[in-house]
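Below, read A as the first sequence line, B as the second, and so on, with proteins coming before strands; counting in each chain starts at 1. Keep in mind it's a predicted model, so treat the numbers as computed, not measured.
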Amino acid sequence: VLRGRVINDELLGDLEEVMITADMGVPTTTRIMEDVRRKASERSIREAEDIIDLIKESIGESLKDLAAPLNVEGGDPAVIMVLGVNGVGKTTTIGKLAYNLRDNGKKVILAAGDTFRAAAIEQLEVWADRAGADIIKGRGGGDPSAVIYDSIQAARSRNCDVVIADTAGRLHTKVNLMEELKKMKRVINREVKGAPHEVLLVLDATTGQNAVSQARVFHEALGVTGIALTKLDGTAKGGVVVSIVTELDLPLKLIGIGEKIDDLRPFDPALFVEALFQ
Amino acid sequence: NLSNRLEVVFKKLRSRGKLNEADIKDAMREVRLAMLEADVNFKVVKDFVERVSQRAVGQEVLESLTPGQQVIKIVRDELAELMGGIQSKIQFSRNPPTIILMTGLQGSGKTTTSAKLAGKLREEGHRPMLVPADPRRPAAVEQLSILGGDLGIEVYQSGKEKNAVKICTKARDQASRQNLDVLIIDTAGRLHVDEELMKELQAINDKLKPHENLLVVDAMTGQDAVNVAQQFNQAIRVDGVVLTKMDGDARGGAALSINATIGKPIKFVGVGEKLDQIEPFHPDRMASRILG
Ligand SMILES: Nc1nc2c(ncn2[C@@H]2O[C@H](COP(=O)(O)OP(=O)(O)OP(=O)(O)O)[C@@H](O)[C@H]2O)c(=O)[nH]1
Ligand SMILES: Nc1nc2c(ncn2[C@@H]2O[C@H](COP(=O)(O)OP(=O)(O)OP(=O)(O)O)[C@@H](O)[C@H]2O)c(=O)[nH]1
Ligand SMILES: [Mg+2]
Ligand SMILES: [Mg+2]
């Protein structure tokens, strides 16, 4: 569609529109375009298609050092805390992850750490059953830190490799709810040396610039070690992660591409960048 | 925020004493940045800034002692007018039950909002029934049943039925028998590009002929809001929108994007996880929030 087009302000404007419409945001788009203009003149680029390759190269550059696998080795047990705002796909991602880990020979326990929302525990129970994982739950309305504590003890007594802690969705602007997460992290760290091994922030690909605010606040409060980006099977491109990953140096580890148990993939920067321009 | 940024733009110009079209262009650039930052859709911003530019070169700004304030006022008024012009109440049917269909993407807040709406309508003197028409999501039926139970509102027992259309028609018949006058149907989250699920939604819409189709949208939705609104509106004619999770700090530009694209009003706003946290939509407050 770019063939034969001359490189001018109109073309560059169209490419900017693609990036902003992919939720990359104005500051990141501007930075990428400056980088591309400089390279284009340095390399005497004449063809419109080559401009798009430069853009992909520039975005890919920002992302490739920040693709990383989930850290689940060597813990006694390995503990993964899963957090994020309401409705992004935490519980579903945990089910998919448990299934994947089981497939790779790990024994997994799910900690039903959402003791607040209606039927949250029942929902996780279905996933535990589907994934072949054990589940540890407390009573509804109880202290989530108590559930994670019990889960860690159960993991040790049952010789399980990984504990994945589900948490209730919470807006990052709610200070008392952020404090609840900090307490859970302290309990985990006290019980298992070096834990949590993974603090996984779940972001929804349909989210706009607010994802940057979410990432900043969760990271500042809890030290996020990885991001899972869900719902990439929709038409949203999730471009906001380019800003998040570069600004906060956070690895993007997993992507969700559907509602079924095997709809989880490791993050692939090249595929992601290609999809931005489709 | 935008007020401050515009004041900076106009401070530089005041020394010259007069404003011209280029100055207004600078001001519009700030407005455009503020709106993109707020997640308003790219094309919607373009159209909006164009129409506001026309007004901004008028006398009211050029002769004002505080041109920055004037521009903000014009922008805010235009925004509020765009988002607030239309009927924003639920239209009740003369032949009960009034059927309200809740639809939207995964995780947007449909189940929670269904319960909130039922509670609100009961307070206003109605006799609602909640219908758990999501046969797919793990524990979705339990979730709605618990919420309905907390409010003391009747929740249709779908039992082993997995067909959403059948669940809805049977629920409607039961509501009529029990003389309940509002049916609120909670549906499964679905992607606007999922052919099979959009067909299911159309089947529910065709069979039940709901009086209100409410599209539930997360306030933090980005540029994609336009695609979602268009596709859902094409599939089942959306009557109104509920914008959820407004208790966060998302600017909520999706509200303008949706309004500008499908022209349907935002009827309610979700402002928390508790069942009483639903409010009517205030276009002027939303306009200020989007501009930042
Ligand atoms: N299409 C699609 N839907 C997803 C994906 N991941 C999760 N979902 C759906 O998103 C909805 C919300 O998922 P949950 O796992 O309940 O989200 P959550 O973050 O645990 O929600 P809360 O606990 O209420 O905060 C469900 O309908 C899921 O099936 C994905 O990758 N693609
Ligand atoms: N803070 C806040 N949370 C909300 C609001 N509305 C819903 N939620 C939360 O958002 C999450 C998702 O809500 P649900 O009602 O399960 O969403 P849904 O659209 O039914 O999800 P699916 O059926 O999976 O598509 C839950 O954690 C709710 O408590 C709101 O206005 N504010
Ligand atoms: Mg959950
Ligand atoms: Mg639901």
Item checked: Toward chain A: residues of residues 151-162 of chain B with heavy atoms under 4.5 Å -> none
Check: Between E37(B) and R5(B), is the closest basic N to carboxylate O distance under 4.0 Å?
Finding: yes
Note to self: Parallel, tilted or perpendicular: which one describes the rings of F232(B) and H192(B), with boundaries at 30° and 60°?
What the structure shows: tilted
Check: Highest number of heavy-atom pairs under 4.5 Å with chain A: which of L36(B), D39(B), L191(B), N227(B)?
Finding: D39(B)
Next item on the list: Indicate whether the side chain of D224(B) and that of T235(A) have a donor and an acceptor atom separated by less than 3.5 Å.
Entry: yes
Notebook entry, point to check: For the candidates A120(A), G234(A), P27(A), A118(A), which exhibits the highest count of non-hydrogen atom pairs separated by less than 4.5 Å from chain B?
Noted result: A118(A)
Checklist line | Salt-bridge criterion met for E179(A) and K182(A) (N-O under 4.0 Å) | finding: yes
Check: So, E259(A) and R137(B), do they make that salt bridge, N to O below 4.0 Å?
Finding: no
Notebook entry, point to check: Contact part of D194(B) toward chain A, heavy-atom cut-off under 4.5 Å: side chain, backbone, both or neither?
Noted result: neither
Notebook entry, point to check: What are the residues of residues 86-98 of chain A, in order of number, with any heavy atom under 4.5 angstrom from a heavy atom of chain B?
Noted result: N86(A), G87(A), V88(A)
Check: Which distance, rounded to the nearest 0.5 Å, do you find between the CD1 of I80(A) and the CG of L200(A)?
Finding: 7.0 Å
Next item on the list: Answer yes if the side chains of S58(A) and D35(A) hold a donor-acceptor pair under 3.5 Å, and no otherwise.
Entry: yes
Checklist line | Members of residues 207-214 of chain A whose heavy atoms come closer than 4.5 Å to chain B | finding: T207(A), G208(A), Q209(A), N210(A), S213(A), Q214(A)
Margin query: Which one wins on heavy-atom pair count under 4.5 Å against chain A: G248(B), P138(B), S145(B), A139(B)?
Written below: P138(B)
Next item on the list: Could you look at K46(B) and say if it's the side chain, the backbone, both or neither that has a heavy atom under 4.5 Å from chain A?
Entry: neither
Margin query: Is it the case that the side chain of R170(A) and the backbone of L177(A) share a donor-acceptor pair, with hydrogens and angles ignored and the cut-off at 3.5 Å?
Written below: yes
Note to self: Which one wins on heavy-atom pair count under 4.5 Å against chain B: D233(A), D23(A), T230(A), T206(A)?
What the structure shows: D23(A)
Next item on the list: Return yes if some donor-acceptor pair links the side-chain N/O of Q223(B) with the main-chain N/O of V40(B) below 3.5 Å, else return no.
Entry: yes
Next item on the list: Using non-hydrogen atoms and a 4.5 Å limit, figure out which bit of L144(B) sits close to chain A: side chain, backbone, both or neither.
Entry: neither
Check: Between N233(B) and K264(B), does any side-chain donor sit less than 3.5 Å from a side-chain acceptor?
Finding: yes
Next item on the list: Could you name each residue pair satisfying side chain to side chain donor-acceptor pair (under 3.5 Å) that touches residues 236-248 of chain A, not counting sequence neighbours?
Entry: T28(A)-S243(A), R216(A)-E247(A)
Check: Do K245(B) side-chain atoms and G109(B) backbone N/O form a donor-acceptor pair below 3.5 Å?
Finding: no
Margin query: To the closest 0.5 Å, what do you measure between CZ (F272(A)) and CZ (F267(A))?
Written below: 5.5 Å
Item checked: CG on L229(A) to CD1 on I257(A), rounded to 0.5 Å -> 12.0 Å
Notebook entry, point to check: In terms of side-chain heavy atoms, does T187(B) have a donor or acceptor partner in D134(B) at a distance below 3.5 Å?
Noted result: no
Checklist line | Segment of Q231(B) engaging chain A (4.5 angstrom heavy-atom cut-off) | finding: neither
Checklist line | Polar side chain donor-acceptor pair, N100(A) to D103(A), under 3.5 angstrom | finding: no
Check: Donor-acceptor pair, T167(A) side chain versus D114(A) backbone, under 3.5 Å?
Finding: no
Next item on the list: Go through D249(B), T111(B), I146(B) and name the one with the most non-hydrogen pairs under 4.5 angstrom from chain A.
Entry: D249(B)
